[in-house]
Structure formats: structure tokens, C-alpha cells
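Everything on this sheet refers to the single structure shown next.
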Amino acid sequence: MAATITEIKHNPGKPDQSFQCGLLHHGGSRLVISYRSDRPYSQGDIRIPAGTLTLAYYEEGLPYVLWKMIGPAGRLVGHYVHLCDRVRIGPDRVEYDDQLLDLWFFPDGGCRVLDEDELKQACDDGLVDGQTADRIRSSAAEVQRGIHRIMEDFDALLDRLGIESHSEYA
């Protein structure tokens with residue numbers, strides 16, 4: 001698919017980040033987009049190889065963005081969940097407000113909470129109040145409890161759309 005869409009991540013206390021992604025499905029209030037990394041990178045000690053395909057799900061009203069990450073050999077690297085607020089989907093862009101806390105789900109089902117230090121620092125710096133931080137942590141716990149259903153629903157959507165995880169999308 002040749003269509004592209006711009007993803008814009010608004011970060012508290014940091015510059016916005018913008019990425020050009022492949023548009024796989026635009027359903028009005030929900031999207032499926034893709035991105036293929038051109039170099040390896042890390043999230044802490046979690047290594048993401050060059051050539052990893054990310055299939056991402058965005059839906060207005062959800063407190064998260066879900067990324068399914070497939071390595072260049074076609075194997076699941078893991079699922080990455082950005083906790084966020086105010087997902088806004090337009091015809092050529094998707095924007096969301098990053099809530100700092102992220103979740104990594106390993107292929108074996110294990111979970112790691114990421115960036116708790118960033119959330120704490122944002123609280124210390126006055127960028128996030130205590131009530132908001134509690135809401136973010138509560139959202140993280142809710143996603144952890146429901147992650148199997150969330151993943152199954154995304155895989156079912158990919159199947160309905162005819163999008164295969166090992167495809168050339170990006």
C-alpha cells in the first residue's frame with residue numbers, strides 16, 4: 001500500500017516527535033499503520049533488530065496505542081503499549097499525548113513496565129500531577145489485565161483486513 005500517514009507523539013516537557021508511516025487501514029476513528037525500522041534500537045535492555053516491522057493500532061477514546069513488532073525473520077519480537085491520552089485521527093495524521101509510561105509484552109507472555117522513572121521525573125518537575133500519575137498507573141494495570149483480549153482483537157482485525165504480520169508493509 002502506497003498511502004502514508006504522519007504519526008505525531010506529543011511528549012510532556014519534550015519536543016513532539018513525528019514519523020512517516022504506511023497507512024494500512026483508515027476506519028475513521030481507528031487506524032492500522034506500519035513502520036519498518038532501518039536500524040537496530042533498544043528500549044532499555046530490550047533489543048529491536050533492524051528490519052523489524054511494527055503494525056500499530058490507534059483508536060480514538062482508548063488510553064493506549066498498541067504496536068505488534070515482527071522481526072525480519074517473521075518472528076514476534078513483542079508487543080509495545082504506549083499509554084496515551086487524546087488519540088486524534090485525521091485524514092493524513094494521527095496524534096496522541098504520551099503519558100510516559102509504557103508496557104512491553106514479551107512473546108512468552110511476560111510483561112515489563114517501562115519508563116516509570118520518566119513518569120516520576122515528570123511528577124517531580126510539575127509536568128504531571130499526582131492524580132494524573134495515579135490514573136496512568138491504573139490504565140497500565142488495566143491494560144495488563146486485558147492484554148490477551150487486546151492482542152486477540154488486533155490479530156482478528158489484521159485477519160479481517162488481510163494484513164499478514166510477515167508482509168512487506170512499511
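Along the sequence shown, residues carry numbers from 1. Computed from a predicted model, the values in this text were never measured in an experiment.
- Taking CG from L119 and CG from L127, the interatomic distance works out to 10.5 Å, rounded to the nearest 0.5 Å.
- In this structure, the side chain of T54 does not engage the main chain of S34 through any donor-acceptor pair within 3.5 Å.
- No side-chain donor-acceptor contact under 3.5 Å links Q121 and D117.
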For this session: Let me see the working for L24 and L55 under side chain to side chain contact (heavy atoms under 4.5 Å, CB included), right down to the final yes or no.
Result: CA-CA 9 Å; L24 302 178; L55 298 173; 3.6 Å; yes

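- A salt bridge links E95 with R93: the distance from a Lys NZ or Arg NE/NH1/NH2 to an Asp or Glu carboxylate oxygen falls below 4.0 Å.
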Exercise. Does the side chain to side chain contact (heavy atoms under 4.5 Å, CB included) test come out yes or no for E59 and L31, once each step is laid out?
Worked result: CA-CA 6 Å; E59 183 175 334; L31 291 176; over 6 Å; no

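- The backbone N or O of L103 lies less than 3.5 Å from no partner atom in the side chain of H82, so there is not a single donor-acceptor pair.
- Closest approach of C111 and Q144 over heavy atoms only: SG-NE2, 3.3 Å.
- Side-chain contact between V128 and Q99 is absent, with no heavy atoms from C-beta onward closer than 4.5 Å.
- The aromatic rings of Y35 and F19 sit perpendicular to each other, their planes meeting at more than 60°, with 30° as the lower class boundary.
- At a threshold of 4.5 Å between non-hydrogen side-chain atoms, the residues L158 and V32 count as touching.
- Counting heavy atoms from C-beta on, the side chains of T4 and L23 never come closer than 4.5 Å.
- Donor-acceptor pairing under 3.5 Å is lacking for the side chains of Y96 and D85.
- Taken to the nearest 0.5 Å, the NE2 atom of H25 stands 8.0 Å off from the OH atom of Y57.
- With a 4.5 Å cut-off on side-chain heavy atoms, V65 and Y80 do not count as touching.
- Inter-residue side-chain proximity for L101 and V113 is flagged as met; some heavy-atom pair is nearer than 4.5 Å.
- In this structure, CD1 on I70 lies 5.0 Å from CG on L76, to the nearest 0.5 angstrom.
- Rounding to the nearest 0.5 Å places CG of L66 at 10.5 Å from CG of L157.
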Problem set entry | Check against salt bridge (Lys or Arg N to Asp or Glu O under 4.0 Å), D97 and R88 | CA-CA 9 Å; D97 299 339; R88 296 158 322 269; 3.4 Å; yes

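- What you find for A133 and C123 is that their closest heavy atoms are CB-SG, 3.6 Å.
- A140 approaches L83 most closely through the heavy-atom pair CB-CD1, 3.5 Å.
- Between E142 and R135, none of the side-chain N atoms (NZ, or NE/NH1/NH2) sits under 4.0 Å from a carboxylate O, so this pair counts as no salt bridge.
- A distance of 12.5 Å separates NZ in K9 from OG in S18, rounded to the nearest 0.5 Å.
- For the atom pair CZ of F105 and CE of M69, the computed distance is 14.0 Å after rounding to the nearest 0.5 Å.
- Judged purely by atom type and a 3.5 angstrom limit, D115 has no side-chain atom pairing as donor or acceptor with the backbone of E118.
- A salt bridge links R137 with E116: at least one charged nitrogen is closer than 4.0 Å to a carboxylate oxygen.
- Under a hydrophobic-cluster definition in which Ile, Leu, Val, Met, Phe, Trp and Tyr are linked whenever side-chain heavy atoms come within less than 4.5 Å, directly or via other members, I8 and V94 are assigned to different clusters.
- Residues L100 and P12 meet the side-chain proximity criterion, which asks for heavy atoms closer than 4.5 Å.
- D98 has no carboxylate O lying under 4.0 Å from a charged side-chain N of K14, or vice versa, which leaves the two without a salt bridge.
- Heavy atoms only, all atoms of each residue included: H26 and G90 are closest at NE2-O, 2.8 Å.
- Counting heavy atoms from C-beta outward, Y58 and R30 have side chains that stay 4.5 Å or more apart.
- For P63 against S139, the heavy-atom pair with the smallest separation is CB-OG, 4.1 Å.
- The 12-atom threshold is exceeded at CD of Q20, counting heavy atoms of other residues, nucleotides or ligands nearer than 6.0 Å.
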For this session: Evaluate the criterion salt bridge (Lys or Arg N to Asp or Glu O under 4.0 Å) for residue pair D45 and R112; output intermediate values, then yes/no.
Result: CA-CA 11 Å; D45 64 343; R112 184 173 303 159; 2.3 Å; yes

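- Proximity of W104 to V77: side-chain heavy atoms (C-beta onward) are separated by under 4.5 Å at one or more points.
- In this structure, the ring of W67 has its center no less than 6.0 angstrom from the ring center of H79.
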